[in-house]
A.B. asks: 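Sharing a structure, written as structure tokens. Questions coming.
Both ligands and their constituent atoms are indexed starting at 1 by order of listing. For the single chain, residues carry numbers from 1 onward in sequence order.
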Amino acid sequence: MPADDLPIALDRAAGRPLAVQVADALRAAAAGGALRVGDRLSSTRALAIRLGVSRAVTAAAYDQLLAEGWLAGRQGAGTFVTAAPPGAVPAATSGAPASPAGPDRRPALSGDRPIRRTALVPAGASADSGPIDLTAGQPCLDVIDRSAWRRAWRAAADRPPSRRPEPSGHPAFRQSVVDHLLRHRGLPAHPDQVLATCGTTDAVDEVAATLPTGSTVALEEPGYQRAAAALTARGLLVVPAEVDDEGLRVDRLPPGLAAVYCTPAHQFPLGPRLSARRRMALVARASAEGFLVLEDDYDGELRYDVAPLPLLAALDPEVVVHLGTSSKLLTPALGVGWMVAPAALHARLLASRRRASIRPSPAGQLVFAALAEHGDLARHLRRLRTELTERRARVVRALAGTGAPVLGDAAGAHLRVALPTGSAERAVVASAARAGVRLPGLARYHRGPPRVFGVSVGYAGPTRDELGRAVALVAELISAELISSEV
Ligand SMILES: Cc1ncc(COP(=O)(O)O)c(C=O)c1O
């Protein structure tokens, strides 16, 4: 049946929001087969006219289904059905074609009050595929072009075996990093300044080993706990560095530091970008007081509708260790990262690699270099940005109606939803887990007592379909929690 011919009857006396009724009717039509994958829907305007409702009603219904992942918009082409909701059930009042009877298992629109927790459909995948994971920092494997991937591995395999891999990394890799840093991060560097690493966490460990045992390193609180663990394992004292909505509070850093570890492009996990004036202040203090700054640029290639800010390493390469990784860009399975360190530290690291015969495995480096050489890396980055831009917009839309502030979404691949208390955070995290969604609360990123409450929502890892379901569920849980904590 053409999507335009769908019978949608609205019950204006029912007290259920009209947008909910429209979404229910469309969901039920897809579940019942009246709408098929690939069908194009009427525009929100045309449907609104046909149903005699305002366009806001049809737009809210479409937004909900987009967020749930049943629909997708294609620029200039319209809105399409992308998946059939399993077992969706029409609301009794919707007038849509009936499907087999069952409990009301649909995710509710945020305006659909009151929310009954017991009515939630488990959003997670089946027991064998595990929960849907919204943990920040996962790669978006969906956009990796498998033929480009195969081509890069073949190109890597075609290189003749090497007698002695270089401790600084393969020259082709270091050249590709230089190009990447210049084109995408605005950092001029020479291949001789680049050290290949096995990833950022490993690089933090390597730098930590050069700092005097017992010296103090400030690390953002909340922050990246694996970096904290790497530093403490090397006998360093990790102290909290305060963070607010401009990023690290440079003015609150204590004196006597050996180093500061930070995530200026997208503070992990809260999400603000370190403001330009604080960037200048940080490198100025580092230079004056003689401490190192570890700039973890883990998802720095990703930002939305905001201008780039200068890398700390570009502001003062004498005090900043710049750390990059392919873990978010491609996959941590490649085991490849890079470091650009001040000259003296670079020489020291290289000497100690030589002494211990440490050389990061070249296989992943060669794959990265091949992707870069063939233009596949740049194409991948474009695809990744497009995909994440869309995902982010959907997630923000789905969460907007909860009443909880959605923050830290100008960059990267995760955002934060603020919650009023630690107990609200724990309740939402636990309910999500019960429904098959792994949703990290901010408590886990604190070393001390949590002082910022909420959840972090990573949107790169799951498939689109999983993301739509999981985020609809999270939105519902947050709305319900906010209502119950008001009562
Ligand atoms: C803030 C931050 N930095 C670095 C990394 C990890 O990078 P790598 O896999 O290169 O160690 C992560 C991984 O989640 C991260 O969240």
A.B. asks: What pairs of donor and acceptor atoms, side-chain ones from residues 151-159 against any protein atom, are under 3.5 angstrom apart with sequence neighbours left out?
C.D. replies:
unit_1 : atom_1 : unit_2 : atom_2 : d
Arg151 : NH2    : Asp376 : OD1    : 3.1
Arg151 : NH2    : Asp376 : OD2    : 3.0

A.B. asks: Look at atom 2 (C) of ligand 1 and say which protein heavy atom is nearest, naming residue and atom and giving the distance to 0.1 Å.
C.D. replies: Asp296 OD2, 3.5 Å
A.B. asks: Could you check whether His446 and Gln225, counting side-chain N and O atoms only, form a donor-acceptor pair closer than 3.5 Å?
C.D. replies: no
A.B. asks: Under 3.5 Å, N or O to N or O, is Asp202 touching ligand 1 that way?
C.D. replies: no
A.B. asks: Quick one: salt bridge (Lys or Arg N to Asp or Glu O under 4.0 Å) partners of Arg382, sequence neighbours excluded?
C.D. replies: none
A.B. asks: Within the structure, does Ser327 bring an N/O atom to less than 3.5 angstrom of an N/O atom in ligand 1?
C.D. replies: yes
A.B. asks: Tell me which protein heavy atom sits closest to atom 7 (O) of ligand 1, plus the residue, atom name and distance to 0.1 Å.
C.D. replies: Thr200 CB, 3.8 Å
A.B. asks: Considering only protein heavy atoms, which is closest to atom 14 (O) of ligand 1, and at what distance to one decimal place?
C.D. replies: Lys328 NZ, 2.7 Å
A.B. asks: For a quick check under 3.5 Å, do Ser456 and Tyr445 share a side-chain donor-acceptor pair by atom type?
C.D. replies: no
A.B. asks: Just to confirm my output: which protein heavy-atom neighbour is closest to atom 5 (C) of ligand 1, and how far is it?
C.D. replies: Tyr224 OH, 3.4 Å
A.B. asks: Hydrogens and angles aside, do Arg164 and Ser162 bring a side-chain donor and acceptor to less than 3.5 Å of each other?
C.D. replies: no
A.B. asks: Considering the heavy atoms of Phe268, write down every atom of ligand 1 situated less than 4.0 Å from one of them.
C.D. replies: 1 (C), 16 (O)
A.B. asks: Counting heavy atoms not belonging to Arg379, are there more than 12 under 6.0 Å from its CZ?
C.D. replies: yes
A.B. asks: Out of Thr263, Thr325, Val204, who gets a non-hydrogen atom closest to atom 10 (O) of ligand 1?
C.D. replies: Thr325
A.B. asks: Does a donor on one side chain and an acceptor on the other come within less than 3.5 Å for Thr263 and Glu220?
C.D. replies: yes
A.B. asks: To check your reading of the model: name the closest protein heavy atom to atom 11 (O) of ligand 1, its residue, and the distance in Å.
C.D. replies: Thr201 OG1, 2.6 Å
A.B. asks: With heavy-atom distances below 4.0 Å as the criterion, list the atoms of ligand 1 near Gly199.
C.D. replies: 10 (O), 11 (O)
